[in-house]
Amino acid sequence: MDARRGNGALRTGRLLVAFVAAALVVGALGAGLAAPPLAAVGALASAGVTDFTSLPSVLTTAAPEQRSQILAADGSLIVAPGDEDRVVVPLAAVAPVMRQAQVAIEDSRFYEHGPVDVQGLVRAAVSDLRTGTAGEGASTLTQQLVKLTLQSQALAAGHDAAAAAAVEKTLPRKLTELRYAAALERAWSKDRILESYLNLAYYGAGAYGVEAAALRYFGVHASALTLTEAATLAGLVQSPSTTDPVSHPAAAKARRDVVLGRMLALRLVSRAQWQAAVRRPLAADLHVTHEPTTCASSAHPYFCSFVVSWLEQEPELGPTRRARRDLLYRGGLTVRTTLDPAAERDVDRALQAVAPRGNALGVAAAAYVTRPGTGDVVALGQDTAYGSGSSAGTTELDYAVDARYGGSRGFQFGSTAKAFSLVTAMEQGLGTGASVDAPAADSTHPATFRPKDFPQPCGLSRPWRVYNDEAWHGGRMPLTTATEQSTNTAFVALAGRIGVCAIRSTMTAFGVHDASGGPIGTYPPQVVLGAQQVSPQTMADAYAALATGGVLCRTRPVTSVTRAGRTLLAVAQTCTRVADAHAVRQTTQLLEDNMTHGSGILNQLSGRPSAGKTGTSNANAQSWFVGYTPQLATAVWVGNPTQQNRPMFDVSMAGKTCASMTGACYAAPIWRRIMDAVSSGLPAVPMP
């Protein structure tokens with residue numbers, strides 16, 4: 001005989017003897033192994049295992065991972081993110097029949113024996129001794145809980161090897177499991193052990209714990225499980241992949257009936273109940289549901305992605321972004337958001353009606369809706385499919401929000417920037433009746449402005465050629481007309497009068513910034529005519545501050561984050577006055593006039609006043625409409641996200657053709673559709 005094989009057999013034999021001795025000791029003590037009798041220690045030592053009593057006697061347990069819930073303002077589910085699909089529930093929230101079924105099939109004497117079932121364990125150990133393996137089971141529910149706990153903790157820590165070791169069928173592992181089981185039964189009641197087991201066990205199909213499994217397979221809470229449903233779940237634990245009732249219904253029914261037979265033998269059900277149960281088709285119980293666990297599977301994928309990114313940046317949820325993500329995906333949080341699902345459906349319908357997904361031009365559109373005076377994100381959306389695929393019209397980039405929240409690098413916002421020149425002019429006392437000397441220009445013949453016209457630090461380094469969409473022959477132009485016609489040369493001349501740096505300060509105060517997170521530049525084209533990339537989120541928030549008379553509110557997509565009834569984060573409405581109220585009201589008057597006499601005239605709202613402004617970038621590659629009522633502010637962008645400087649002329653979408661991509665052509669009609677739909681049911685309120 002090979003010496004190594006002989007030594008291995010001897011070692012296995014000694015371990016088996018030690019295991020039997022340990023089982024007898026634990027069974028005799030019942031309450032644990034705090035101080036085993038001297039004879040027991042000697043029995044273990046004589047078997048060649050001197051370190052059994054030195055094994056850890058306290059199993060460190062932690063709350064099991066469970067998925068979180070992100071809810072819309074109406075309480076509906078947006079997504080249930082989680083590394084494991086688990087919802088922890090107390091034992092009282094598990095139907096008694098489910099508790100009976102699980103105990104019956106896994107450890108029928110659970111409430112009678114101590115940490116181990118000595119009868120079954122000695123029988124299994126003798127069988128192992130004959131075969132020289134560790135193949136027999138006979139583990140109690142307590143021992144199984146120890147195994148599941150060690151495995152779960154190792155996986156949570158990213159220790160795959162330790163997780164595999166926790167479920168190995170080896171005698172050293174069984175000795176460790178036995179030691180922990182003894183300590184656990186000394187510290188916990190039987191009901192607490194069963195509760196933990198039911199919350200930790202894997203029931204297949206990605207469902208961890210009895211509550212998630214009940215919802216997944218039957219569409220009911222664990223408290224409402226019937227006899228046949230409970231028997232099906234209880235039978236799954238032994239081999240969840242091969243007895244999955246969805247993929248393997250015949251095997252699942254056979255295993256269910258084994259559980260029912262065991263319950264009959266234990267007199268937990270009557271023969272009549274057993275007969276009715278085994279006759280019931282498995283399909284009669286199944287009502288498989290799949291709650292969205294990723295943003296891609298959510299009905300609101302872009303808002304979902306935005307909120308997840310927002311949560312990962314909240315310092316109150318953890319010291320690092322990774323810690324915050326782990327809390328969200330493992331901590332069983334309830335996140336309540338400001339999303340109005342009906343409003344988001346209105347946004348999606350408006351986008352698809354005017355700029356349908358996958359158009360031949362590669363044009364995309366996005367919108368962001370907020371509630372003035374609150375910072376609440378009512379809805380956002382875009383006309384693309386959410387995903388990482390390379391097909392046209394599919395992207396995970398959220399064009400509506402800043403890059404830090406999963407958005408793009410933004411888009412030039414064109415003449416929507418002019419609102420802040422108006423605020424600055426009004427603050428300097430020009431008044432709504434003021435006029436400026438606007439140089440002549442049209443779409444082919446520019447006016448030229450010189451560096452001397454704009455002193456540093458917000459100045460020009462070379463001559464600036466400025467075009468107008470509508471021809472202007474030069475001369476004095478009222479601000480009302482300049483706003484209605486969006487005359488570039490008039491606003492550039494106004495900037496030379498009131499100061500580019502002053503306008504930039506106003507923009508900064510209103511929260512306007514580059515979509516990548518940086519400040520608006522100091523170059524006059526960036527400040528006066530919006531030649532910098534921003535997001536619809538930024539513009540909607542800034543115009544919402546116009547709607548409130550100059551009060552800017554912090555973006556608030558989330559109202560609260562709770563865990564097990566305890567508030568981890570309460571998000572207050574944080575608002576600050578950033579401009580003179582009278583100056584802002586005058587600006588609103590000019591922008592309201594733009595809706596009745598200017599570029600917004602074809603897109604006035606039904607039965608209510610509004611204020612707004614179009615915007616178009618160089619070469620008409622990007623277009624905007626941003627507007628508001630006292631109750632809502634919406635920013636709409638339409639353009640080419642991948643070729644941001646591609647000229648867009650003779651554009652046709654959804655049965656409509658425009659000579660050029662202007663804010664009035666596509667963005668404004670989308671804005672009107674959104675605002676009319678979301679405002680429906682709200683009282684018509686006069687502009688301030």
Side-chain angles (χ1 to χ4, degrees), residues 402-403 409-431 434-441 445-468 472 474-477 479 482-483 486-535 538-539 542 545-546 550 552 578-580 583-584 586-587 590 613 615-619 622 624 644-645:
D402 287 349
R409 291 180 297 173
F411 313 96
Q412 289 190 15
F413 60 121
S415 292
T416 59
K418 292 172 181 173
F420 307 104
S421 291
L422 294 176
V423 173
T424 307
M426 297 303 105
E427 285 191 317
Q428 293 185 14
L430 270 68
S435 60
V436 293
D437 189 4
H445 300 88
T448 301
F449 292 85
R450 307 290 177 183
K452 65 181 179 61
D453 299 321
F454 300 98
Q456 297 293 345
C458 301
L460 293 171
S461 58
R462 60 183 182 274
W464 179 18
R465 296 192 300 173
V466 179
Y467 296 86
N468 288 329
W472 172 249
R476 301 295 293 181
M477 174 180 274
L479 281 182
T483 304
S486 197
T487 305
N488 289 339
T489 57
F491 275 89
V492 174
L494 175 65
R497 179 175 173 182
I498 62 179
V500 174
C501 281
I503 300 170
R504 181 176 180 273
S505 293
T506 299
M507 283 182 162
T508 301
F510 275 80
V512 180
H513 58 272
D514 187 273
S516 295
I520 290 293
T522 59
Y523 196 51
Q526 296 172 301
V527 177
V528 184
L529 300 183
Q532 187 159 345
Q533 286 77 14
V534 303
S535 70
T538 292
M539 296 311 296
L546 295 175
L552 177 69
V578 296
D580 175 73
V584 175
Q586 289 177 303
T587 300
L590 292 167
K613 186 72 188 72
T616 308
S617 72
N618 290 335
Q622 314 297 332
W624 292 75
Q644 292 208 17
N645 295 317

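All heavy atoms count here, side chains included; hydrogens, waters and symmetry mates do not. Keep in mind the model is a prediction, meaning the values are calculated, not measured.
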> Will you find, in the side chains of Lys613 and Thr483, an N or O donor that is under 3.5 Å from an N or O acceptor?
Replying inline: no
> Just how far is it from atom CG of Leu494 to atom CD1 of Ile503, taken to the nearest 0.5 Å?
Replying inline: 6.0 Å
>> Would you compute the distance between atom CG of Leu529 and atom CZ of Phe413 and round it to the nearest 0.5 angstrom?
In response: 9.5 Å
> With no hydrogens and no angle check, is any side-chain donor or acceptor of Trp624 less than 3.5 Å from a backbone partner on Gln412?
Replying inline: yes
>> If I compare all heavy atoms of Ala542 with all of Phe420, which pair ends up nearest, and what's the gap?
In response: CB-CZ, 3.7 Å
>> If we ignore hydrogens and angles and just use 3.5 Å, is the side chain of Gln622 paired with the main-chain N or O of Gly615 as donor and acceptor?
In response: no
>> Testing the basics here: between Ala441 and Ala447, what is the closest heavy-atom pair and its distance to 0.1 Å?
In response: CB-N, 3.7 Å
>> Surrounding CZ of Arg462 (heavy atoms of other residues, nucleotides or ligands, distance under 6.0 Å), is the total greater than 12?
In response: no
>> Distance check, rounded to the nearest 0.5 Å: Ile520 atom CD1 versus Cys458 atom SG?
In response: 12.0 Å
> Just wondering, do Pro525 and Trp464 contact through their side chains at under 4.5 Å, heavy atoms?
Replying inline: yes
>> Could you work out, with ring-ring contact (aromatic ring centres under 6.0 Å, His included) as the rule, every residue matching Phe454, not counting sequence neighbours?
In response: none
> Given the rule in the side-chain contact (heavy atoms from CB on, under 4.5 Å) test, do Met426 and Leu479 qualify, once you have shown the distances and angles that lead to the verdict?
Replying inline: CA-CA 11 Å; Met426 297 303 105; Leu479 281 182; 3.8 Å; yes
> For residues 445-458, which residue pairs qualify under side-chain hydrogen bond (donor to acceptor under 3.5 Å, both in side chains), counting only residues two or more places apart or in two chains?
Replying inline: Asp442-His445
>> Given 3.5 Å as the limit, does a donor-acceptor pair link the side chain of Arg409 with the main chain of Gln533, or not?
In response: no
>> Please find the pair of heavy atoms, one from Ser535 and one from Ala515, that lie closest to each other, and give the distance.
In response: N-CB, 4.0 Å
> Among Val423, Leu422, Leu552, which residue meets the side-chain contact (heavy atoms from CB on, under 4.5 Å) test with Leu546?
Replying inline: Val423
> Got a second to check how far Met477's CE is from Trp472's CH2, nearest 0.5 Å?
Replying inline: 4.0 Å
> Nearest heavy-atom pair of Ala482 and Phe491: which atoms, and what distance?
Replying inline: O-CE1, 3.5 Å
>> Would you compute the distance between atom OG1 of Thr506 and atom CD1 of Ile498 and round it to the nearest 0.5 angstrom?
In response: 7.5 Å
> Looking only at atom types and distance, does a side-chain atom of Arg476 sit under 3.5 Å from a main-chain N or O of Ser435, one as donor and one as acceptor?
Replying inline: yes
> Ala403 and Ser516: which non-hydrogen atoms are nearest, and at how many Å?
Replying inline: CB-CA, 4.1 Å
>> Can you pull out every side-chain hydrogen bond (donor to acceptor under 3.5 Å, both in side chains) where at least one residue sits in residues 487-499? Sequence neighbours excluded, please.
In response: Lys418-Asn488, Asn468-Thr489
> Going from CE on Met507 to OG1 on Thr538, what distance comes out if it is rounded to the nearest 0.5 angstrom?
Replying inline: 11.5 Å
> Stepwise, does the side-chain contact (heavy atoms from CB on, under 4.5 Å) test hold for Val500 with Thr522?
Replying inline: CA-CA 8 Å; Val500 174; Thr522 59; over 6 Å; no
>> On a heavy-atom basis, which atom in Glu427 and which in Ala583 lie closest, and how many Å separate them?
In response: CG-CB, 3.4 Å
